[in-house]
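For reference, the structure discussed in these notes is given below.
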Amino acid sequence: MKTRIFFVDKNVDDLSTYPQIIEAASYLKRDELVAFPTETVYGLGANAMSTSAVENIFIAKGRPSDNPLIVHIATKEQLYDVACDIPSVAYTLMDHFWPGPLTLVLPKKDAVSPRVTAGLNTVAVRMPNHPIALALIQASGLPIAAPSANRSGRPSPTTAKHVLDDLDGRIAAVVDGGATGVGVESTVIDCTSAIPTILRPGGVTKEEIERVIGAVDIDRALVEKEAVPKSPGMKYTHYAPKAPLVVVYGSPSFLQQVVNEKRASGFTVGVLTTEERRDTYEADVVIACGRRSDLRTVAKQLYDALRAFDETHVHFIYSEAFPNEGIGVAIMNRLLKAAGYQQMMEK
Ligand code: AMP
Ligand code: MG
């Protein structure tokens with residue numbers, strides 16, 4: 001399969017009639033796969049009502065079939081095509097955070113392919129805050145199931161190049177709309193439990209949600225390592241660069257000492273840090289990802305930084321840890337998953 005690339009400037013007027021968007025949408029209508037930018041990461045879209053279209057997502061990504069997909073919509077009306085019995089708290093969340101990086105888990109309508117929801121009786125839905133994603137979904141007239149557009153287990157793609165690195169020749173098309181903004185995926189919140197429960201931390205923080213609807217729960221699996229996650233996707237190792245990654249808690253001098261020991265044993269070593277400390281470390285490769293003083297910039301660049309190590313020949317990567325609050329919760333969740341939970345602590 002030859003993957004077509006549609007270049008679209010997200011700032012053009014009236015994207016909904018833009019020929020490249022119309023053509024990309026026609027692929028979706030024919031049940032083919034189209035990758036497209038959202039405000040979080042690039043998504044790999046398919047018609048959510050078609051079992052065969054959705055099946056192709058799992059094949060192209062090599063994604064485990066028990067990991068359900070998020071359905072993307074462009075208007076609130078489309079919600080009624082995929083979900084029912086919508087609780088009032090969900091409407092409040094939609095009013096505040098849509099379009100945006102918040103995914104709501106709601107009771108599912110039968111018409112949604114069970115392949116989308118991995119057989120669950122709930123469906124995860126969000127409205128992305130990106131003009132290209134919205135125009136494409138609207139032009140297709142369909143709810144679009146879309147996981148991140150990477151091979152399963154790899155860091156999520158934040159550029160069309162990342163998508164092609166993983167999926168060229170495996171999908172019908174990619175809409176190249178430039179780099180994405182938030183960098184980490186949406187927050188997933190279950191609205192079917194008595195108290196809404198965060199199943200995956202992401203672009204909207206717990207603090208932001210609680211300001212709007214009061215106290216929420218956090219899925220036990222996010223706090224206790226042994227618990228079984230309610231969001232099936234959370235159990236897989238994810239986002240991993242090719243070299244083993246270890247998250248190091250402590251001072252820069254402790255991290256430097258760890259690096260020195262590995263280098264003394266003959267290994268080449270990479271360090272993942274931020275702009276503020278880029279010049280602090282002596283290692284074979286030092287990659288800075290955003291600024292520690294503004295963790296949103298770290299979230300934005302994290303996956304690009306993890307992928308950048310794959311272009312080097314380091315044997316090991318050591319990363320600084322980040323504060324576990326605000327957007328830092330999503331950053332640490334992704335970083336620890338990328339590390340397969342390998343961590344070191346300064347005594
Ligand atoms: P991804 O598309 O790879 O960013 O992952 C989507 C996330 O949403 C995964 O963690 C899924 O397990 C989660 N998810 C999707 N649908 C549901 C659902 N019905 N209930 C709970 N979690 C879900
Ligand atoms: Mg993903």
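Read the numbers this way: they start at 1 and go in the same order the structure lists the ligands and their atoms. Source: prediction; values computed, not measured. As a basis for the values below, the full set of heavy atoms in this structure was taken, side chains included, without hydrogen atoms, waters or symmetry mates. Residues: numbered from 1 along the sequence shown.
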**Q.** Residues Ser52, Arg115; criterion side chain to side chain donor-acceptor pair (under 3.5 Å); working and verdict
**A.** CA-CA 9 Å; Ser52 68; Arg115 290 293 277 132; over 6 Å; no

Q) Can you tell which part of Ile70 has a heavy atom less than 4.0 Å from ligand 1: side chain, backbone, both or neither? A) side chain

(Q) With side chain to side chain donor-acceptor pair (under 3.5 Å) as the test, pick out the partner of Arg307 among Asp165, Asn150, Asp166. (A) Asp166

**Q.** Thr122: numbered ligand 1 atoms lying under 4.0 Å from its heavy atoms
**A.** 18 (C), 19 (N), 20 (N)

Q | Leu120 contact mode with ligand 1 (heavy-atom cut-off under 4.0 Å) | A | side chain

Q.
List ligand 1 atoms under 4.0 Å from Arg200, heavy atoms only on the residue side.
A. 1 (P), 4 (O), 5 (O), 6 (C), 7 (C)

Q: Answer side chain, backbone, both or neither: which part of Arg63 comes under 4.0 Å from ligand 1, heavy atoms only.
A: side chain

Q. Would you call Glu325-Lys206 a salt bridge at under 4.0 Å N-O?
A. no

Q.
Within the supplied structure, the quantity of interest is the number of heavy atoms (other residues, nucleotides, ligands) at a distance under 6.0 Å from Lys76 NZ; does it exceed 12?
A. yes

**Q.** Polar atom proximity, Lys61 to ligand 1 (N or O, under 3.5 Å)
**A.** no

(Q) For Gln256 and Tyr318: C-alpha separation, side-chain torsions, deciding distance, then whether side chain to side chain donor-acceptor pair (under 3.5 Å) applies. (A) CA-CA 9 Å; Gln256 183 66 54; Tyr318 293 94; over 6 Å; no

Q) Heavy atom under 4.0 Å from ligand 1: found in Lys108's side chain, backbone, both, or neither? A) neither

Q | Test: Arg291 and Glu276 ion pair at under 4.0 Å | A | no

Q | the Mg ion (ligand 2): protein N, O or S atoms [distance under 2.8 Å] | A | Ser148 OG

(Q) Under a 3.5 Å distance rule, please check whether Glu208 uses its side chain to pair with a backbone N or O of Thr205 as donor and acceptor. (A) yes

Q) What do we get for Leu199 next to ligand 1 when only non-hydrogen atoms under 4.0 Å count, side chain, backbone, both or neither? A) side chain

(Q) Around atom CD of Glu346, are there more than 12 heavy atoms from other residues, nucleotides or ligands closer than 6.0 Å? (A) yes

(Q) Please report whether ligand 1 has a polar contact with Glu185, defined as an N or O pair separated by less than 3.5 Å (distance criterion only). (A) no

(Q) Using a 3.5 Å distance criterion without hydrogens, assess whether the side chain of Ser50 forms a donor-acceptor pair with backbone atoms of Ala48. (A) no

Q. Looking at Tyr239, is Lys337 sitting on its ring face, NZ or CZ under 6.0 Å from the six-membered ring centre and within 45 degrees of the normal?
A. no

Q) What part of Asn67 sits under 4.0 Å from ligand 1 if we count only heavy atoms: the side chain, the backbone, both or neither? A) side chain

Q. Would you say Asp110 has more than 12 foreign heavy atoms packed within less than 6.0 Å of its CG?
A. no

